[in-house]
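Take a look at the structure set out below.
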Amino acid sequence: MSNEIGFRANSKLERLIGRELITNNIIAFFELIKNSYDAGANKVEIEFLNITDYKKNTDKKTEYYINSERVNQDTVVTNEDSKIIIRDNGNGMSFEEVNKFWMEIGVVHKEIVKELNVKSSSLNKMYRRVMNGEKGIGRFGTDKLGAKLILTAIDKEQTEKTIVLFDWDKYNDHSKLIQEVQHEYRVEKVDEETSGVCLEISNLRDNWTIKEIEDLKKQLKKFVSPFSQEVDQFSITINVNSIKEKVINDAFEFSKTFIDCEINEDGIFKYDITDKSHQEHNEITYGVPNFGPLNLKIIYMDKTAKAAFTKRTGISSREYGNIKVFRDNFRIFPYGEPENDWLGIDNKHAQAVFRSLGTRDIIGYVQISNLNNKGLNDATNRVGLVEDTKEFQSFKEFIWKCINLLQNYIFNRIKERAQKQGNIIDVKVKEGIGKANDFKNELIEVIKKEHLSQKSEKNIINLVQKNTEILKKDYDEVKKANLELSNQVKVFQRISGTEGMLYDLLHTLKNKTAILDAQLMGIRRQAKRNNIQVNDEAINRTLDSINNLITSALRKASSQRLMKKTYILSDIIKEAIDENINYSVNRLVNIQYNFKDNGQKVYCNKESIKIVFDNLFNNSFKALENTKNKLINIETYVNNEVIDILYSDNGKGIKDEDAPFIFNVSFTNTGGNGLGLSNCLDILKNHKGDISYVDIKEENYNTTFKITLPLSGGN
């Protein structure tokens, strides 16, 4: 074939890679700031212009005022005349560069030029800066923020100013190709004006509230990497109502217990664990990392650290998030956001609350590089990394190794201190009892020497002995409390073995009912011999009822000991629904199901899986007591080699602060015994599956659990 044809781009493309690809205003700001960084800027200033003047009072709690009148955080402060201005002092652009780079979508310039030399703003020296942007679409973040843009660029030589007027709504005319949409511009000569770029954005797309502007400030603090605090090299300032704030990520300066990790391209893994003044240094050979070299810091947040963090940042550590990822000093979203537990920290914490740390207990950050971490690439939509790669999975595994190192240190330290404190308490109790006895004997000797009347002497001695006994009793209580405290872990270890204990106990009860039955038979014979009428019908019914309950409990307690077979999962779920249907009808609960697994089979113990659903139904019935239209919904899906089951109800839901602990033994918010969900987790782990709480509030449901079970293969 000799003929050729090529792609054209419709004007709709601009919107696709602008407003629709850049998902929110925060991301738009980050993209534009990174462009300034890549242009060699030492500083970027963001200014909100022509907005309602509001003041912030933080003496007691955060309050906002407009003209001395207190207002809500949701008060809108922008209007049709409001503007957002982003200006930097970078290398700027000549008209030729604007036309060649800014006006070309997906320009490859930054793919070719990975680094540039940047001059420090206060020191007469140069340093290397790694470029962040590669996609060539970050500039369309201005369209996300506002419909109109005035671009003003002064070139590096400081001789030429280029001004371009953009009306992004022109691209709404989809009858045109993107290159047919034109924008006015002019070029002026300048004399010694500072190089850089100024973006003046107007006709704002959204009405900004006080809360959204304050949130932007907080997000910008999280945007700057704590690894790079050289504000001389690059600083961000936000200007609201002529009040300027420099953005510095100083949230971690107070931390006392943390781990610093570094792995190089050869796989040499170095880490330091710091605990106040104590520090441990270690170096091991990890193996060549396919994800490349990196730096990592994880900080343990005890009660004192959390209080200091909140005081420093104005937000709780929970609101801040967990382990964040930075590439060349800038955040990669959404990793480490409060709702983004990308490492599954809380899921592991829920399974071992006394041996692991949750997202409330640790915060931290990982630093990777555009140059050195070739296997960790940005996702196409600029949110996150490409995750379905070996490199990303190895990346997560390495971070978990670092978390485990810190966890082991923390829990060993706590154990040692607890043992030490326990020994101290024992010693002090013995000393206290000894001193009390010595004091009593000395006091009695003194009383006898004072030649008091026998009655007075007797009364005083009785009083001393009485109070000494009370004191000894108090010491005994302290000793008892200390013993209980030292046995906490052992108690929970015993709880984990309750299945076997319960099984043995039920067998004992069954044997006892057999003895009762035999005794009743003997009583009947004796009564018959003596012509005595005995009405034992009620006793027989009660005994039969007890036997049935014990038999059912034995079936459940021994279910995990039984053999596993291959079953159709949807059939098991239907059986569980049928067994609970009478109870649900009485409670006016509507149980719905939608099986999308096409009758797939799982290798399991059928009774165990039914117990999982029995526990979930039981919890739902309690949670739905005060709900009008009571709903339970079960859906199944095939996902690679597993079946996913989503179990939801519209009951009272689970509090955010309770979510990490719901799978712990003894935890309950429904008035139960706290064993149900823990038992579910044990059963599913025994089947190489899992159960987790999914924090989504969709449609009519407040609580959703995700259950996974491996497929057995075949229909």
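Numbers for residues simply follow the sequence, beginning at 1. The model shown is predicted, which means the values in this text are computed figures rather than measured ones.
Screening residues 624-639 for salt bridge (charged side-chain N to carboxylate O under 4.0 Å, His left out), with sequence neighbours left out, gives Arg587-Glu625.
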- Query: Please walk me through it: do Ile683 and Ile611 pass side chain to side chain contact (heavy atoms under 4.5 Å, CB included)?
  - Reply: CA-CA 9 Å; Ile683 290 172; Ile611 290 169; 3.8 Å; yes

| query | Taking it one step at a time, do Phe291 and Phe392 satisfy ring-ring contact (aromatic ring centres under 6.0 Å, His included)? | reply | CA-CA 7 Å; Phe291 48 82; Phe392 186 79; over 10 Å; no

Margin query: Between Lys606 and Glu575, does the salt bridge (charged side-chain N to carboxylate O under 4.0 Å, His left out) criterion hold? Intermediate values first, please.
Written below: CA-CA 10 Å; Lys606 181 180 178 180; Glu575 284 187 30; 2.8 Å; yes

For Lys685 and Asp690: C-alpha separation, side-chain torsions, deciding distance, then whether salt bridge (charged side-chain N to carboxylate O under 4.0 Å, His left out) applies.
CA-CA 6 Å; Lys685 288 293 185 183; Asp690 204 358; 3.6 Å; yes

- Message: Checking Lys610 against Glu579 for the salt bridge (charged side-chain N to carboxylate O under 4.0 Å, His left out) test, could you report, in this order, the C-alpha distance in whole Å, the side-chain angles of both residues, the deciding distance, and whether it holds?
- Response: CA-CA 9 Å; Lys610 285 167 69 174; Glu579 291 178 8; 2.5 Å; yes

- Message: Pair Glu214, Lys211 - check salt bridge (charged side-chain N to carboxylate O under 4.0 Å, His left out), show working.
- Response: CA-CA 5 Å; Glu214 294 299 315; Lys211 183 179 186 302; over 6 Å; no

Go through the steps to decide whether Asn25 and Asp206 satisfy the test side chain to side chain donor-acceptor pair (under 3.5 Å), and finish with yes or no.
CA-CA 9 Å; Asn25 290 331; Asp206 298 309; 3.0 Å; yes

Take Leu357 and Gln407, measure what side chain to side chain contact (heavy atoms under 4.5 Å, CB included) needs, and give me the verdict at the end.
CA-CA 7 Å; Leu357 301 171; Gln407 281 183 166; 3.7 Å; yes

Notebook entry, point to check: Can you check side chain to side chain contact (heavy atoms under 4.5 Å, CB included) on Ser692 and Phe705, steps first, answer last?
Noted result: CA-CA 6 Å; Ser692 58; Phe705 290 98; over 6 Å; no

Would Ile210 and Val71 satisfy side chain to side chain contact (heavy atoms under 4.5 Å, CB included), going step by step from the backbone distance to the final call? CA-CA 9 Å; Ile210 294 173; Val71 294; 3.7 Å; yes

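Shown here are the salt bridge (charged side-chain N to carboxylate O under 4.0 Å, His left out) partners of Glu397, two or more places apart in sequence or in another chain: there are none. Scanning for side chain to side chain donor-acceptor pair (under 3.5 Å) contacts around Tyr335 gives Glu387, with sequence neighbours left out. With sequence neighbours excluded, no residue satisfies ring-ring contact (aromatic ring centres under 6.0 Å, His included) with Phe613. Considering only residues two or more places apart in sequence or on other chains, Asp388 meets the side chain to side chain contact (heavy atoms under 4.5 Å, CB included) condition with Val386. Listed by chain and residue number, nothing satisfies the salt bridge (charged side-chain N to carboxylate O under 4.0 Å, His left out) test with Glu212 (two or more places apart in sequence, or in another chain). With sequence neighbours excluded, no residue forms a salt bridge (charged side-chain N to carboxylate O under 4.0 Å, His left out) with Lys396. Residues satisfying the side chain to side chain contact (heavy atoms under 4.5 Å, CB included) criterion with Val642, sequence neighbours excluded, are Asn639, Asp644. Listed by chain and number, the residues in a ring-ring contact (aromatic ring centres under 6.0 Å, His included) with Tyr637 amount to none (sequence neighbours excluded). Listed by chain and number, the residues in a side chain to side chain contact (heavy atoms under 4.5 Å, CB included) with Asn640 amount to none (sequence neighbours excluded). For Asp571, there are no salt bridge (charged side-chain N to carboxylate O under 4.0 Å, His left out) partners at least two apart in sequence or on another chain. Legend: residues meeting side chain to side chain contact (heavy atoms under 4.5 Å, CB included) with Asn580, ordered by chain and number and at least two apart, are Asp614, Phe617, Phe621.
Remark: side-chain polar atoms of Thr78 are paired, donor with acceptor, to backbone N or O of Trp208 under 3.5 angstrom. For the pair Thr704 (side chain) and Ser648 (backbone), a donor-acceptor distance under 3.5 Å is absent. Using a distance-only test at 3.5 Å, with no hydrogens or angles considered, no donor-acceptor pair links the side chain of Trp400 to the main chain of Phe395. In this structure a side-chain-to-backbone donor-acceptor pair under 3.5 Å is present from Asn650 to Asn629. In terms of modelled atom types and a separation under 3.5 Å, the side chain of Lys324 and the main chain of Gly336 share a donor-acceptor contact. Listed for the Asn686 side chain is no donor-acceptor partner under 3.5 Å among the backbone atoms of Asp682. A donor-acceptor pair is defined here as one N or O able to donate and one able to accept, closer than 3.5 Å; such a pair exists between the side chain of Lys306 and the backbone of Arg360. Under a 3.5 Å cut-off, the side chain of Tyr647 and the backbone N or O of Leu616 do form a donor-acceptor pair. The closest donor-acceptor contact from the side chain of Ser394 to the backbone of Lys390 lies under 3.5 Å.
For the pair Glu63 and Arg70, the minimum side-chain heavy-atom distance is below 4.5 Å. Looking at heavy atoms from C-beta onward, Lys601 lies out of side-chain contact with Leu711 at the 4.5 angstrom threshold. With a 4.5 Å cut-off on side-chain heavy atoms, Asn347 and Asp341 do not count as touching. For the pair Ser608 and His687, the minimum side-chain heavy-atom distance is below 4.5 Å. In this structure the side chain of Ile299 reaches within 4.5 angstrom of the side chain of Ile363, judged on heavy atoms. Using a 4.5 Å heavy-atom cutoff, the side chains of Gln592 and Leu631 are in contact. A 4.5 Å side-chain heavy-atom check between Lys706 and Tyr693 finds every atom pair outside the cut-off. Residues Asn322 and Ile362 form no side-chain contact, since every pair of their non-hydrogen atoms from C-beta on lies 4.5 Å or further apart.
Residues Val77 and Thr209 approach most closely at CG2-C, 4.3 Å, considering heavy atoms. A pairwise comparison of heavy atoms in Cys604 and Ile572 identifies SG-CD1, 3.6 Å as the closest pair.
Atom CG of Asp578 sits in a crowded spot, with more than 12 heavy atoms from other residues, nucleotides or ligands closer than 6.0 Å. Within 6.0 Å of the CD atom in Glu641, the count of heavy atoms belonging to other residues, nucleotides or ligands does not exceed 12. Counting heavy-atom neighbours within 6.0 Å of Asn626 CG, excluding the residue itself, gives a total of 12 or less. Within a 6.0 Å sphere centred on OH of Tyr593, heavy atoms belonging to other residues, nucleotides or ligands number 12 at most.
None of Asn590, Ile577, Ile591 except one satisfies the side-chain contact (heavy atoms from CB on, under 4.5 Å) rule with Ile632; the exception is Ile591.
Judged purely by distance below 3.5 Å, without hydrogens or angles, the side chains of Asp346 and Thr359 pair a donor atom with an acceptor atom.
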